[in-house]
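Since the structure is predicted, the reported quantities are computational estimates derived from the model, not experimental observations. Chain letters run A, B, ... following the sequence lines, proteins first and then strands; every chain starts at 1.
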Amino acid sequence: MYALVDGNNFYVSCERVFRPSLVGRPVVVLSNNDGCAIARSNEAKALGIKMGAPWFQIKHLEDEAGLVALSANFALYGDLSDRMMSIAAGLGHRQEIYSIDESFVDLTGIRGDLTERSRKVRERILQWIGIPTCIGLGSTKTLAKLANHVAKTAERNPGVYPDHFAQICHLGRLNKVELDEVLAATPVGEIWGVGRRISEQLGEGGIRTALDLTRIDLATVKRRFSVVLERTVRELQGTPCMDLEDEPPAKQQIACTRSFGHPVLQLVDLQEAITEFACRAAEKLRRQDSHTAQVLVFIRTSPFRAKEPQYSKSAVFPLLTPTSDSREITEAALAVLDAIYQPGFSYAKAGVMLLDLQPAERHQFMLDLSPPIEEQGGAGHSDVEVQTVDRTRLMTALDQVNGRYGRGTMLLASAGLRGPDRAWTMKQERMTQQYTTCWSDLGLVRA
DNA sequence: TCTGGGGTCCTAGGACCC
DNA sequence: TCTGGGGTCCTAGGACCC
């Protein structure tokens, strides 16, 4: 049996912890650059605001309906997520943190009333952290996901599913007839792994509900769609096909990409941006103890400004010796930028991606074809080894300084020294405080 | 005027091998 | 006129997730 613990409207709930006046009001959290809505309170959903709706299209609801919009405060959400996850972990023996607001918990070997146990964990998260959650239980991860959907829907839209499923839904306790009723009430597009495209195609074939999907022929699914969808159908039928991943595998690629706050035309501005993205990506790379062998850079204009000339280009720089050194990665990235930059365009977005990642302990040295150096006396380390050690220590020091005194305390000169005055700096006009991770942002209590 | 960021997996097709 | 069989590896693109 698996449980899925999921924070309700997570980013909005995080903001409400420190600003209780937002409870009961329509609230959205906006993406970087205050671009579009990436989290909505129930009241905002009731206003008809869709996931991903551009802010400028819903801004009028500020005056008309009292809508509150906030800039994304990821430092706050990440910290509250950690706290929520540590309590959710107590539900069972093993936990997979699936996203910032969701975790699967393996309930194998847990005895007693699982619904009651889940309810207690839910209450503890609500009381200790302040985040409301829903918990779904099922015999496979896909069914636990479905159960979670049922729990959330029953809480928000009475009538779709039986009321007692609100907040906690244990599908494992249902008999066949009851389970079929739940499946029949669930549109196929709500199933984990069935997106918009596949949902449309299934609909054309008359498959509209989750129940229809469980009754489809497995061989046909595999042939007409893929092994991925076949696995989803099996899981829906109660056969586990996906394991819990309690130890997250190392990432296979690492990216840092941003849309700019203003259009960027000058190469020098792009160079600063690419330097920063490359250094951030390199930092993430070192955190997981990997090296990269390929650096990809892309730049592009805005596809939304259709009247302006469009340009989009990316290219890869292969590194002869895999590395996690910010200087080498930045040098490669800037070389790519030079090669793909075209003057005369208004650039809207750029990014750096590190590909072909490998464990740092695997060393690939250059084949040295130069003539052997005459005996210099003393054994000691070879030049290559000394360089590697120095470089590692330098990068460790860099990460430690920035970790302790804040991002950007020590940086490469090509990142520029203009700080927030840079042409491309993100727009974040509605930012809340970093209440839990920054001393100067602590909340004030007025007596 | 204003439209996010960061990932994963699978498949088809081409290049290449013997 | 007639042109095999069985592989691997890589890449681009599509689908999905939050």
Side-chain angles (χ1 to χ4, degrees), chain A residues 4-11 28-40 49-60 62 69 71-74 77-78 81 96-104 141-142 145 148-149 188-202 221-232 241-242 245 248-263 277 280-281 284-285 288 294 296 298 300-308 314-316 318 346 348-357 426-430:
Chain A
L4 180 71
V5 186
D6 185 326
N8 298 353
N9 313 327
F10 186 65
Y11 296 166
V28 292
V29 170
L30 302 174
S31 63
N32 280 343
N33 283 311
D34 296 342
C36 29
I38 53 172
R40 305 156 293 156
I49 297 171
K50 298 272 180 285
M51 185 65 172
W55 169 238
F56 71 91
Q57 286 176 6
I58 54 174
K59 194 171 191 301
H60 61 96
E62 241 181 339
S71 301
N73 184 346
F74 292 112
Y77 313 149
S81 170
E96 171 186 341
I97 295 174
Y98 178 68
S99 72
I100 192 162
D101 69 330
E102 284 173 76
S103 69
F104 288 101
K141 287 168 85 173
T142 303
K145 270 285 228 185
N148 188 273
H149 167 75
V188 75
E190 298 294 343
I191 298 300
W192 190 37
V194 180
R196 199 172 48 85
R197 264 336 220 297
I198 290 177
S199 178
E200 274 171 25
Q201 290 175 36
L202 286 168
V221 178
K222 189 174 175 180
R223 186 165 36 80
R224 292 245 345 251
F225 295 91
S226 66
V227 294
V228 183
L229 190 62
E230 186 202 359
R231 200 159 54 204
T232 295
C241 303
M242 285 181 258
E245 284 180 9
K251 300 224 184 308
Q252 299 174 36
Q253 49 176 266
I254 285 173
C256 183
T257 71
R258 290 283 177 281
S259 296
F260 301 135
H262 304 279
F277 301 162
R280 286 246 201 132
K284 292 187 207 173
L285 186 68
Q288 74 160 31
Q294 291 190 59
L296 180 146
F298 74 84
R300 70 166 166 82
T301 53
S302 170
F304 297 107
R305 277 174 291 204
K307 275 174 270 173
E308 292 181 16
S314 74
V316 170
S346 288
K349 184 170 179 174
V352 173
M353 298 170 83
L354 307 180
L355 315 172
D356 200 357
L357 306 190
M426 278 197 287
K427 199 164 71 182
Q428 290 180 313
E429 293 168 349
R430 304 152 176 275

Letter per nucleotide, 5' to 3', of nucleotides 5-16 of chain B [B base touched, S only sugar-phosphate touched, - untouched; heavy atoms, 4.0 Å]: SSSSSSS-----
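For A:Lys145, the side-chain atoms get nearest to C:dC18 when compared with the rest of C:dC18, B:dG4, B:dC2.
Within a 6.0 Å sphere centred on NZ of A:Lys222, other residues, nucleotides and ligands contribute 12 heavy atoms or fewer.
For A:Lys349, the salt bridge (charged side-chain N to carboxylate O under 4.0 Å, His left out) criterion is met by no residue, not counting sequence neighbours. Qualifying side-chain contact (heavy atoms from CB on, under 4.5 Å) partners for A:Ser71, counting only residues two or more places apart in sequence or in other chains: A:Asp34, A:Gln428, A:Arg430, A:Met431. With sequence neighbours left out, A:Pro263 forms a side-chain contact (heavy atoms from CB on, under 4.5 Å) with A:Arg305, A:Ser346.
Screening residues 49-59 of chain A for side chain to side chain donor-acceptor pair (under 3.5 Å), with sequence neighbours left out, gives no hits.
Distance A:Tyr98 OH to C:dC18 P: 5 Å, rounded to the nearest Å.
Across all strands, A:Ile100 comes closer than 4.0 Å to no nucleic acid atom at all (heavy-atom distances).
In this structure, A:Phe10 and A:Tyr77 have perpendicular ring planes: the angle between them is above 60°, well past the 30° mark.
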For DNA chain B, the dot-bracket pattern of Watson-Crick and G-U pairs whose distances stay under 3.5 Å, | for other-strand partners: ....||||||||||||||
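For the OP1/OP2 pair of B:dC2 and a distance below 4.0 Å, the side-chain nitrogens and oxygens of A:Arg305 include at least one atom meeting the criterion.
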